[in-house]
Amino acid sequence: MHPFTGLAWLLPLLLATLRLSGPLWLGLLLAGLLAALLLWPAARPRRKAWLWVMLPLGLGLLLVHGQWLNGWLGQPPASDRMAILQSALLLWLRVGTVLAGTLLWLSGTTPARLTRALLASRLPAGLAYLLASPLLLSEQLKSRLAAIIEAQTARGLDPRAGWWRRLGHLVSLAAPLISWTLADVSQRAAALESRAFRRQLHRTTLDAPASKLADRRLQQAAGLATIILAGSWLWH
């Protein structure tokens, strides 16, 4: 599947979560996406990321909207407590649904394929490179951070120390990484300028992801679903 196909379906998914006002339908939609995360082998490692985000969010919403925090602070509970809890549940279901859909899309693509798809798209070369720059820098930042940690470990930093000690070493790790990255910006700009990057509106990309007929049909269906959902949401 082309990376833009899954990306195109994220917008109607977001509109569908806003359009559905009952916890039953939102729960069914979320259950279907979570089942896909569990059953698809490529998406199984991302279920932990969903739990790490949604469990603290659920506890926080329950603490605030469940009036427990007001009780601890000595304030009287609200009269419409059930309505407040239902709105908090709807918020949690909406966030969980969008997050599960996003993780499913990320499971079907890689940063390299998404970068090649952006550079091979009909977007202007400068805009495509601007959108692809964070993806291009991700692997480089990982390797640089590993080199910085290795160098700081040789100077006596213990990466396996307690979190309070690692918090104190945060500056010694972040400062070289930021300065190294900022120094690399001028080199990248000079390299792009020497290759006449903006001379042509669109660039030729080697090994660009192929957009098949099924991908184009799915993207058109996503656009139609977006128009229908946006119209129905604005109408009501």
Task: Nearest heavy atoms of Ala16 and Leu229, plus distance in Å - done: N-CD1, 4.0 Å

Open item on the list: Quick check on the hydrophobic clustering: are Trp40 and Leu99 connected, directly or via other members, by side-chain heavy-atom contacts under 4.5 Å?
Closed with: yes

Task: Close side-chain approach of Leu224 and Ile228, heavy atoms under 4.5 Å - done: yes

TODO: Please round to the nearest 0.5 Å and tell me the distance separating atom OG1 of Thr17 and atom CZ of Arg19.
DONE: 12.0 Å

Open item on the list: I'd like to know if Leu57 and Leu55 are part of one continuous hydrophobic network [Ile/Leu/Val/Met/Phe/Trp/Tyr, side-chain heavy atoms within less than 4.5 Å].
Closed with: yes

Open item on the list: Quick check on the hydrophobic clustering: are Leu103 and Leu38 connected, directly or via other members, by side-chain heavy-atom contacts under 4.5 Å?
Closed with: no

Open item on the list: Ignoring hydrogens, what is the shortest heavy-atom contact between His2 and Ala117? Give both atom names and the distance.
Closed with: CE1-CB, 3.9 Å

- [ ] Report the residues that fulfil side chain to side chain donor-acceptor pair (under 3.5 Å) with Thr97, sequence neighbours left out, ordered by chain and then residue number.
- [x] none

Open item on the list: Looking at every heavy atom in both Pro23 and Leu89, which two are closest together, and how far apart are they?
Closed with: CB-CD2, 4.1 Å

Task: Minimum side-chain heavy-atom gap Leu13-Leu29 below 4.5 Å - done: yes

Open item on the list: Within this structure, what is the CG-CZ distance for the pair Leu34 and Arg47, rounded to the nearest 0.5 Å?
Closed with: 11.0 Å

- [ ] Quick one: list whatever passes side chain to side chain donor-acceptor pair (under 3.5 Å) with Arg46, sequence neighbours left out.
- [x] Ser107

- [ ] Measure across Gly96 and Trp50 and return the closest heavy-atom pair with its distance rounded to 0.1 Å.
- [x] O-NE1, 3.0 Å

Open item on the list: What I'd like to find out is whether the side chain of Leu14 reaches to under 4.5 Å of the side chain of Leu10, using heavy atoms alone.
Closed with: no

Task: Separation between CZ of Phe4 and CZ of Arg216, rounded to the nearest 0.5 Å - done: 14.5 Å

Task: Gap between atom CH2 of Trp9 and atom OG1 of Thr226 - 0.5 Å precision - done: 7.5 Å

- [ ] List the atom of Leu33, the atom of Gly101, and the distance in Å for their closest heavy-atom pair.
- [x] CD1-N, 4.0 Å

Open item on the list: Is it the case that atom CH2 in Trp25 sees more than 12 heavy atoms from other parts of the structure closer than 6.0 Å?
Closed with: no

Task: Side-chain donor/acceptor of Arg94 to backbone N/O of Leu26, under 3.5 Å - done: no

Open item on the list: When you group the ILVMFWY residues by side-chain heavy-atom contacts below 4.5 Å and let the links chain together, are Leu51 and Val53 in the same group?
Closed with: yes

Open item on the list: Looking at every non-hydrogen atom in both residues, tell me the closest pair between Gln219 and Thr5 and how far apart they are.
Closed with: NE2-OG1, 3.2 Å

Open item on the list: Check for me, please, whether Leu28 and Leu30 land in the same ILVMFWY cluster - side-chain distances under 4.5 Å, paths through other members count.
Closed with: yes

- [ ] Drop me the distance from Leu213's CG to Arg217's CZ, to the nearest 0.5 angstrom.
- [x] 4.5 Å

